[in-house]
Amino acid sequence: MGYLTTTAGGRRSAPPANRLPLPCSAGVRSLPGLKAGASSEESGELVAGIVDASARILTGGTPPDRAGYFYLPTVLAEVPPDAPILAQEIFGPVAPVVSFDHVNDAIRMANDTEYGLVAHVYTGDLAPGLRVSEALEAGMVGLNRPVVPDPAAPFGCVKQPDLGREGGHDGLLEFTESKYIAVDW
């Protein structure tokens, strides 16, 4: 889920989402694929449910007209803070955006979920970005960075869907058993 206070120049804009590039197209780094077993219908149902309730689609909102597990990158605006879509894992490229007045409200809303795999913070000021990153209840936080996982870093949740880490030093510790031995000699 996403949280905004302002938009650049006071205007909202989004790239056209009526086409998806082919994986072999120049400059393509990723495609909006869905997790195996998830369907574009599932993402579509979540989007339709919140749009029927109050949200607006800024871009996307449909699967492309071709075979495969794809859904156009979708940005939803005017999502109420209590919307059911915010309490679910969305295995598709859907970004519900909720407005807030104070950063503490955004942190509270972001932490008000049973999930805690990854969070993202985008800011022009590093100090408050680090404060927000530390306050978020997530196993990983991307600060001004869209891709967070790294083979040398621990990957994992602090809440659902599971606990534990893989990757990096912390991941190796998952395969060990700690023992404390207290001795008087």
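The analysis underlying the following values was restricted to heavy atoms, covering all of them including side chains, and did not include hydrogens, waters or symmetry mates.
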Within 6.0 Å of CG in D52, more than 12 heavy atoms from elsewhere: yes
Closest approach of [X] and [Y], non-hydrogen atoms and distance?
{"X": "I85", "Y": "I90", "result": "CG1-CD1, 3.6 Å"}
{"X": "L72", "Y": "G60", "result": "CB-CA, 4.0 Å"}
{"X": "G61", "Y": "V47", "result": "CA-CG1, 4.4 Å"}
{"X": "P93", "Y": "Y71", "result": "CG-O, 3.2 Å"}
{"X": "Y115", "Y": "A87", "result": "CE1-O, 3.5 Å"}
{"X": "S54", "Y": "P80", "result": "OG-CD, 3.2 Å"}

For [X], enumerate each residue passing the side-chain contact (heavy atoms from CB on, under 4.5 Å) test, keeping only those at least two apart in sequence or located in another chain.
{"X": "V118", "result": "H120, M140, V148"}
{"X": "I107", "result": "V103, N104, N111, V132, A135"}
{"X": "L143", "result": "V121, T123, L126, L130, S133"}

Check against side chain to side chain contact (heavy atoms under 4.5 Å, CB included), T59 and T74: CA-CA 5 Å; T59 188; T74 301; 5.9 Å; no
Do [X] and [Y] have side-chain heavy atoms sitting under 4.5 Å apart?
{"X": "P81", "Y": "D105", "answer": "no"}
{"X": "P146", "Y": "Y122", "answer": "yes"}
{"X": "L46", "Y": "V94", "answer": "no"}

Sequence neighbours excluded, every pair satisfying side-chain hydrogen bond (donor to acceptor under 3.5 Å, both in side chains) that has a member inside residues 137-149: E137-K159
Nearest-0.5 Å distance that lies between atom CD1 in I57 and atom OG1 in T62: 8.0 Å
Residue pairs involving residues 125-136 (criterion salt bridge (charged side-chain N to carboxylate O under 4.0 Å, His left out); sequence neighbours excluded): none
